[in-house]
Asker: 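Take this structure first; my questions come after.
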Amino acid sequence: MPTEEELDSMADRIEAASAGAWIPVLETRGATGRASCIRIAPATAVDDDEIHLSRFINGEQVQVSPDSQLDADLDFIASARQDMPRLIAEVRRLRGLLKGDSDPRHAAFVALRELGRSQDYRDRADAGRGLAAFADMPEAHGPLLELVLDPGDTFVTRVTAEAVLRRKDRIGLTVVASAMAVANPNHSDWIHTAIVDVFSIFSADRDRAMQLCEEILRDTDDRVAPGARQLHDVLAEIDPVLRPA
């Protein structure tokens with residue numbers, strides 16, 4: 001049974017990996033006319049965001065796509081990107097039940113996280129709104145990022161982004177910046193709409209958000225910084241309705 005420290009290490013490795021769903025595109029599953037790969041989605045601003053795999057033994061290439069074993073390995077790696085967070089969450093949920101975890105806040109978070117996996121976009125949108133209140137919990141960052149980049153419906157993107165932005169704190173801005181760093185143009189448009197909706201009224205709110213973005217740029221890693229720059233630029237373009245007298 002993994003310890004909490006081991007689960008934390010697993011979660012850290014997941015967080016460090018490329019964001020978004022990893023989709024196996026395999027020649028053995030359906031001819032693609034080229035090598036099998038893992039496609040990163042939601043797509044980044046760069047087209048053909050893919051991971052390719054070859055196998056070498058003693059410096060000699062022994063497998064190259066298409067190859068049934070190589071495709072099986074690619075399928076496993078791609079699926080692990082989605083499977084591992086769910087397995088870790090389930091282990092922690094079951095541990096909480098076994099030890100009689102009576103923390104109502106944690107129970108609410110777990111329920112909302114599960115709602116965010118619903119096939120119904122309305123459930124996922126409700127989960128995004130609710131999880132925004134739990135954004136200060138480290139384990140909420142991943143589920144919120146997935147909902148902002150929801151691959152099924154950009155309504156979920158908009159309402160989740162708006163909910164975390166209405167926190168008007170660094171935590172919420174970091175979630176949105178992380179999403180903007182990897183968002184495709186369609187998601188970016190709806191995130192942009194949410195930013196304008198939240199920060200177009202009071203200049204003090206807009207100015208504070210820009211200041212927090214500058215702090216994120218100084219303190220964060222290279223994975224979030226591009227999104228923080230984009231977020232700062234969008235805020236700078238907003239002309240708030242109400243300014244101090």
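Counting from 1, the numbers follow the sequence of the chain as shown. Owing to the predicted nature of the structure, the values given are computational and were not obtained by experimental measurement.
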Asker: Verify the cluster assignment for Phe76 and Met84: are they in a single hydrophobic cluster under the rule of side-chain heavy atoms below 4.5 Å apart?
Answerer: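 No, no single cluster joins them.
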Asker: Sequence neighbours excluded and cut-off under 3.5 Å, please list the side-chain donor-acceptor pairs for residues 238-245, or say none.
Answerer:
unit_1, atom_1, unit_2, atom_2, d
Asp239, OD1, Arg243, NH2, 2.9

Asker: Roughly how far apart are Leu212 CG and Thr174 OG1, rounded to 0.5 Å?
Answerer: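 Result: 8.5 Å between the selected atoms.
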Asker: If the plane angle is over 60° it's perpendicular, under 30° parallel, otherwise tilted; pick one for Phe155 and Tyr121.
Answerer: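 Perpendicular.
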Asker: Please round to the nearest 0.5 Å and tell me the distance separating atom CD1 of Ile40 and atom CG of Asp49.
Answerer: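 One finds 5.5 Å between CD1 of Ile40 and CG of Asp49.
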Asker: Can you measure from CD1 (Ile38) to CZ (Arg81) and round to the nearest 0.5 angstrom?
Answerer: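 Ile38 atom CD1 to Arg81 atom CZ measures 11.5 Å (nearest 0.5 Å).
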Asker: Could you report the tightest heavy-atom contact between Ala209 and Leu235, atom names first, then the distance?
Answerer: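 Taking every non-hydrogen atom into account, CB-CD1, 3.7 Å.
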Asker: Atom CD of residue position Glu60 - does it have more than 12 heavy atoms of other residues, nucleotides or ligands inside 6.0 Å?
Answerer: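 Not more than 12 within 6.0 Å, no.
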Asker: Cluster question for you: counting only ILVMFWY and a side-chain heavy-atom cut-off of under 4.5 Å, with indirect links fine, are Ile201 and Met210 together?
Answerer: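 Different hydrophobic clusters.
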Asker: Before accepting this row, confirm whether a basic side-chain N of the pair Arg92/Asp8 lies closer than 4.0 Å to the acidic partner's carboxylate O.
Answerer: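 A salt bridge is present here (some side-chain N lies under 4.0 Å from a carboxylate O).
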Asker: Measure from the side-chain N and O atoms of Arg208 to the backbone N and O of Lys168, and report whether any donor-acceptor pair falls under 3.5 Å.
Answerer: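 The answer is no, because no donor-acceptor pair under 3.5 Å joins these two groups.
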Asker: Do the side chains of Leu147 and Met137 join up, straight or via other hydrophobic residues, at under 4.5 Å, putting them in one cluster?
Answerer: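 Yes.
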Asker: Less than 4.5 Å apart, side chain to side chain, heavy atoms only: is that true for Arg158 and Asp197?
Answerer: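 Yes, their side chains come closer than 4.5 Å.
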Asker: Scan Leu173, Val176, Asp169 and name whichever one has a side-chain contact (heavy atoms from CB on, under 4.5 Å) with Val164.
Answerer: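 By the side-chain contact (heavy atoms from CB on, under 4.5 Å) criterion, Val164 pairs with just one of Leu173, Val176, Asp169: Val176.
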Asker: Is there side-chain contact between Leu74 and Pro24, with heavy atoms separated by less than 4.5 Å?
Answerer: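 The answer is no, as the side chains (C-beta and beyond) never meet within the 4.5 Å cut-off.
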Asker: Taking all heavy atoms of Ala17 and all of Trp22, pick out the closest pair and write down the distance.
Answerer: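 Nearest pair, atom of Ala17 first, then Trp22: CB-CZ2, 4.1 Å.
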Asker: Is any side-chain heavy atom of Phe134 less than 4.5 Å from a side-chain heavy atom of Arg105?
Answerer: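 Of all side-chain heavy-atom pairs linking Arg105 with Phe134, at least one is under 4.5 Å.
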Asker: Between Arg170 and Ile216, is there a side-chain heavy-atom distance shorter than 4.5 Å?
Answerer: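 Yes, close enough: below the 4.5 Å cut-off.
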Asker: If we ignore angles and hydrogens, is there a donor and acceptor under 3.5 Å between the side chains of Gln69 and Asp73?
Answerer: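 Asp73 and Gln69 do have a side-chain donor-acceptor pair below 3.5 Å.
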Asker: With clusters defined by side-chain heavy atoms of hydrophobic residues (ILVMFWY) lying less than 4.5 Å apart, directly or transitively, does Ile51 cluster with Leu70?
Answerer: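 Yes, same cluster.
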Asker: In terms of side-chain heavy atoms, does Asp189 have a donor or acceptor partner in His192 at a distance below 3.5 Å?
Answerer: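 The answer is no; no qualifying pair exists.
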Asker: Taking only residues two or more places apart in sequence or in another chain, which ones pass side chain to side chain donor-acceptor pair (under 3.5 Å) with Glu162?
Answerer: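 Side chain to side chain donor-acceptor pair (under 3.5 Å) check on Glu162 returns Arg166.
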Asker: Is it true that atom CH2 of Trp190 has more than 12 heavy atoms of other residues, nucleotides or ligands lying nearer than 6.0 Å?
Answerer: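 12 or below, so no.
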Asker: If you measure from NE2 on His232 to CD on Glu237, what distance do you get to the nearest 0.5 Å?
Answerer: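 His232 atom NE2 to Glu237 atom CD measures 11.5 Å (nearest 0.5 Å).
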Asker: Atom CG of Leu165 and atom CG of Leu231: how far apart are they, to the nearest 0.5 Å?
Answerer: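 The CG atom of Leu165 sits 7.0 Å away from the CG atom of Leu231.
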Asker: Tell me whether Gln119 at atom CD has more than 12 heavy atoms from other residues, nucleotides or ligands lying less than 6.0 Å away.
Answerer: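 Open: at most 12 neighbouring heavy atoms sit under 6.0 Å from CD of Gln119.
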Asker: Between Asp67 and Arg55, is there a side-chain N and carboxylate O pair less than 4.0 Å apart?
Answerer: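 No salt bridge links Asp67 with Arg55.
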Asker: Out of curiosity, Leu131 CG to His141 NE2, how far, rounded to the nearest 0.5 Å?
Answerer: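 Those atoms lie 12.5 Å apart.
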Asker: Treat each ILVMFWY residue as a node, draw an edge where side-chain heavy atoms are under 4.5 Å apart, and state whether Leu145 and Ile88 are in one component.
Answerer: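 Leu145 and Ile88: separate clusters.
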Asker: Are any of the side-chain nitrogens in Arg124 or Asp150 under 4.0 Å away from the carboxylate oxygens of its partner?
Answerer: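 A salt bridge is present here (some side-chain N lies under 4.0 Å from a carboxylate O).
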Asker: Any salt bridge between Arg129 and Asp126, counting N to O under 4.0 Å?
Answerer: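 Asp126 and Arg129: salt-bridged.
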Asker: Do you know which two heavy atoms are closest between Gln82 and Arg86, and how far apart they sit?
Answerer: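 Smallest interatomic distance, heavy atoms only, reads O-CG, 3.6 Å.
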Asker: What's the shortest heavy-atom distance between Ala177 and Ala228, and which atoms?
Answerer: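 Minimum heavy-atom separation between Ala177 and Ala228: CB-N, 3.6 Å.
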Asker: Quick one: closest heavy-atom pair of Asp123 and Ser118, and the distance?
Answerer: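 Shortest heavy-atom separation between Asp123 and Ser118 comes out as OD2-OG, 2.8 Å.
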Asker: Where do His106 and Val110 land on the side chain to side chain contact (heavy atoms under 4.5 Å, CB included) test, with the steps shown first?
Answerer: CA-CA 6 Å; His106 185 265; Val110 170; 3.5 Å; yes
Asker: State, to 0.1 Å, how close Leu144 and Gly128 come at their nearest heavy-atom pair, and which atoms those are.
Answerer: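 Closest heavy-atom pair between Leu144 and Gly128: CD2-O, 4.0 Å.
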